[in-house]
Peer 1: 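Quick one: the structure is below, questions incoming.
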Amino acid sequence: MLQQTPVVRVLPVWESWMERWPTPEDLAAEPAGEAVRAWEKLGYPRRALRLHACARELVEVHGGEVPADLEELLALPGVGEYTAAAVASFAFGVPAAVVDTNVRRVEARAWTGNALPEPSYTRAEARLAHELMPDTSTPEGIAEANAWNAASMELGALICTARSPRCDECPVQASCAWIAAGRPAPHYTPKGQAWEGTDRQVRGAMMAVLRAADGAVPAAALRTPGDPAEAGSAPQDAGLEPDAVPTLRALRRLAAGAEQRERCLAGLLADGLAVADGEGVALPA
DNA sequence: CAGCCGTGGGA
DNA sequence: TTCCCAAGGCT
């Protein structure tokens with residue numbers, strides 16, 4: 001849930017999930033669509049699908065337990081280098097190098113002297129991160145490495161922030177390469193994420209409809225562009241339950257043609273975020 | 001590696 | 001108001 005999503009937005013959903021599905025077995029017993037629905041508006045709903053698949057794999061391959069081994073973690077759906085290391089280090093005390101966006105930024109500034117980490121995670125960054133890890137050949141070193149991971153992340157999240165870092169409160173400002181260099185501007189200009197008119201926007205609106213609907217939604221309701229002349233009477237005609245009407249209205253209002261809508265719907269089906277049958281389109285069973 | 005995949009709060 | 005970007009992963 002925390003992948004690319006702020007902690008404060010994740011917390012309430014996580015609480016709800018843990019109450020409803022305390023163990024991997026509980027989640028694994030549900031249809032994948034329930035995970036997607038309970039994902040609510042965290043975004044990137046494929047993560048819900050992967051988390052559900054992960055729960056099933058934990059049950060079927062790992063006896064319902066989360067493995068502590070880095071390679072076994074890495075093999076789980078939706079678990080990449082960062083998540084595997086974070087679970088190993090924070091949950092099990094296995095000192096893997098935890099390199100998230102916060103750590104990358106801290107190391108880019110304090111050691112490399114750049115305002116921002118590279119646009120994509122580079123070998124050089126990974127090498128630096130591993131070099132900086134405390135030696136783990138002793139029990140004390142292992143504890144130190146795990147503390148290092150937590151400390152690096154927190155420093156980046158609370159002090160060495162992306163926008164306006166609080167250098168005056170920073171415990172390492174005296175040795176910070178970026179400050180020493182006079183806090184130079186970024187060596188590149190981040191290319192912002194486009195949103196208006198993108199497939200992501202259309203897919204998101206389609207997923208909102210499916211989450212709001214109890215059962216299936218007619219495919220035509222999803223792929224038909226809104227007709228301004230109809231002035232919003234079409235959603236009710238589609239025969240949806242009232243809860244889904246606002247979301248469908250929002251979908252139809254998007255400036256997306258039939259071709260784009262068709263492509264997006266096909267994409268959702270291909271991704272397994274939705275399934276189609278004679279009734280229409282619904283969250284996966 | 002580059003591109004893609006949601007969402008919304010804060011600067 | 002607009003823009004930035006957040007505990008990334010996968011193809």
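Convention: sequence-line order gives letters A, B, ...; per-chain numbering from 1. When reading the values below, keep in mind they use all heavy atoms of this one structure, side chains included, and skip hydrogens, waters and symmetry mates.
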Peer 1: Going 5' to 3' along DNA chain C, which are the first and last nucleotides with any atom under 4.0 Å from a heavy atom of chain A?
Peer 2: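 Both ends considered, the range comes out as dC4(C) to dC10(C).
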Peer 1: With nearest nucleotides of DNA chain B determined for Thr122(A) and Val8(A) from heavy-atom distances, which residue corresponds to the more 5′ nucleotide?
Peer 2: Thr122(A)
Peer 1: Base, sugar-phosphate, or nothing for Pro45(A), non-hydrogen atoms under 4.0 angstrom?
Peer 2: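 Since only primed, P, OP1 and OP2 atoms lie under 4.0 Å of Pro45(A), the category is sugar-phosphate.
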Peer 1: Can you tell me the distance, in whole Å, between the CG atom of Leu42(A) and the C1' atom of dG8(B)?
Peer 2: 11 Å
Peer 1: Classify the nucleic acid contact of Arg105(A) as base, sugar-phosphate or nothing, counting any heavy atom under 4.0 Å across all strands shown.
Peer 2: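 Sugar-phosphate contact only - Arg105(A) comes under 4.0 Å of backbone atoms but never of a base.
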Peer 1: Ignoring hydrogens and angles, state whether a donor on the side chain of Thr83(A) or Gln3(A) is under 3.5 Å from an acceptor on the partner side chain.
Peer 2: yes
Peer 1: Whole Å only: how far is the CG atom of Leu251(A) from the P atom of dT7(B)?
Peer 2: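 Rounded to whole Å, this separation is 12 Å.
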Peer 1: Evaluate salt bridge (Lys or Arg N to Asp or Glu O under 4.0 Å) for Glu131(A) paired with Arg127(A), printing each intermediate quantity in order.
Peer 2: CA-CA 6 Å; Glu131(A) 285 173 2; Arg127(A) 183 165 44 77; 3.6 Å; yes
Peer 1: Just call it for Arg9(A): base, sugar-phosphate, or nothing, with non-hydrogen atoms closer than 4.0 Å on any strand.
Peer 2: base
Peer 1: Identify whether any heavy atom of Thr5(A) sits under 4.0 Å from a base atom; if not, whether one sits that close to sugar-phosphate; answer base, sugar-phosphate or nothing.
Peer 2: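 Counting heavy atoms under 4.0 Å across all strands, the contact made by Thr5(A) includes a base.
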Peer 1: Touch check for Glu196(A), heavy atoms < 4.0 angstrom, all strands: base, sugar-phosphate only, or nothing?
Peer 2: nothing
Peer 1: Would you say the ring centers of Trp111(A) and Trp178(A) fall short of 6.0 Å from each other?
Peer 2: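 When the ring centroids of Trp111(A) and Trp178(A) are compared, they turn out to be at least 6.0 Å apart.
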Peer 1: Is the closest basic N to carboxylate O distance between Arg20(A) and Glu34(A) below 4.0 Å?
Peer 2: yes
Peer 1: At under 4.0 Å between heavy atoms, what does Ala162(A) touch on the DNA or RNA strands: base, sugar-phosphate, or nothing?
Peer 2: sugar-phosphate
Peer 1: Check this for me, if you would: do Arg104(A) and Glu125(A) make a salt bridge, where the nitrogen-to-carboxylate-oxygen distance has to be below 4.0 angstrom?
Peer 2: yes
Peer 1: Nearest-Å distance, CZ (Arg123(A)) to P (dA2(B))?
Peer 2: 12 Å
Peer 1: Just to be sure I understand the rule, does Glu81(A) reach a base, reach only the sugar-phosphate, or reach nothing, if contact means heavy atoms closer than 4.0 Å?
Peer 2: sugar-phosphate
Peer 1: Separation of Arg163(A) atom CZ from dA11(B) atom P, in whole Å?
Peer 2: 7 Å
Peer 1: NA contact type, Asp271(A), heavy-atom cut-off 4.0 Å: base, sugar-phosphate, or nothing?
Peer 2: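 No contact.
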Peer 1: Arg203(A) has an atom CZ; how far is it from atom C1' of dC5(B), in whole Å?
Peer 2: 6 Å
Peer 1: Hey, does Gly43(A) reach any base, or is it just sugar-phosphate, or nothing, if we go heavy atoms under 4.0 Å?
Peer 2: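 Touches a base.
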Peer 1: Looking for any heavy atom pair under 4.0 Å, which part of the strands does Arg211(A) touch: base, sugar-phosphate only, or nothing?
Peer 2: sugar-phosphate
Peer 1: Glu118(A) and His187(A): side-chain donor and acceptor closer than 3.5 Å?
Peer 2: yes
Peer 1: Please check if any side-chain donor atom of Thr5(A) sits under 3.5 Å from a side-chain acceptor atom of Arg47(A), or the reverse.
Peer 2: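 A donor-acceptor contact under 3.5 Å links the two side chains.
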Peer 1: Between Pro6(A) and Thr83(A), which has a closest nucleotide on DNA chain C that is more 5'?
Peer 2: Pro6(A)
Peer 1: Nearest heavy atom decides the nucleotide; on that basis, is Gly156(A) or Pro77(A) closer to the 5' end of DNA chain C?
Peer 2: Gly156(A)
Peer 1: With a 4.0 Å cut-off on heavy atoms, is Thr198(A) in touch with a base, just the backbone sugar-phosphate, or nothing at all?
Peer 2: nothing
Peer 1: Between dG8(C) and dC1(B), how far apart are the two C1' atoms, rounded to whole Å?
Peer 2: 16 Å
Peer 1: Write down the distance between CH2 (Trp195(A)) and P (dG6(B)), rounded to a whole number of angstrom.
Peer 2: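 Going from CH2 in Trp195(A) over to P in dG6(B) covers 8 Å.
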Peer 1: Indicate whether the side chain of Tyr44(A) and that of Arg50(A) have a donor and an acceptor atom separated by less than 3.5 Å.
Peer 2: no
Peer 1: Are OP1 or OP2 of dG8(B) and a side-chain N or O of Lys41(A) less than 4.0 angstrom apart?
Peer 2: yes
Peer 1: On a whole-Å scale, what distance lies between the C1' atoms belonging to dA7(C) and dG3(B)?
Peer 2: 22 Å
Peer 1: Under 3.5 Å, is there a donor-acceptor pair between the Ser137(A) and Asp135(A) side chains?
Peer 2: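 There is such a pair (donor and acceptor under 3.5 Å, judged by atom type) between the side chains of Ser137(A) and Asp135(A).
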Peer 1: Strictly below 4.0 Å: does Arg200(A) bring a side-chain N or O up to OP1 or OP2 of dG8(B)?
Peer 2: no
Peer 1: Rounded to the nearest Å, what distance is computed from the CD atom of residue Gln260(A) to the C1' atom of nucleotide dC5(B)?
Peer 2: 14 Å
Peer 1: Nearest-Å distance, CG (Leu268(A)) to P (dC5(B))?
Peer 2: 10 Å
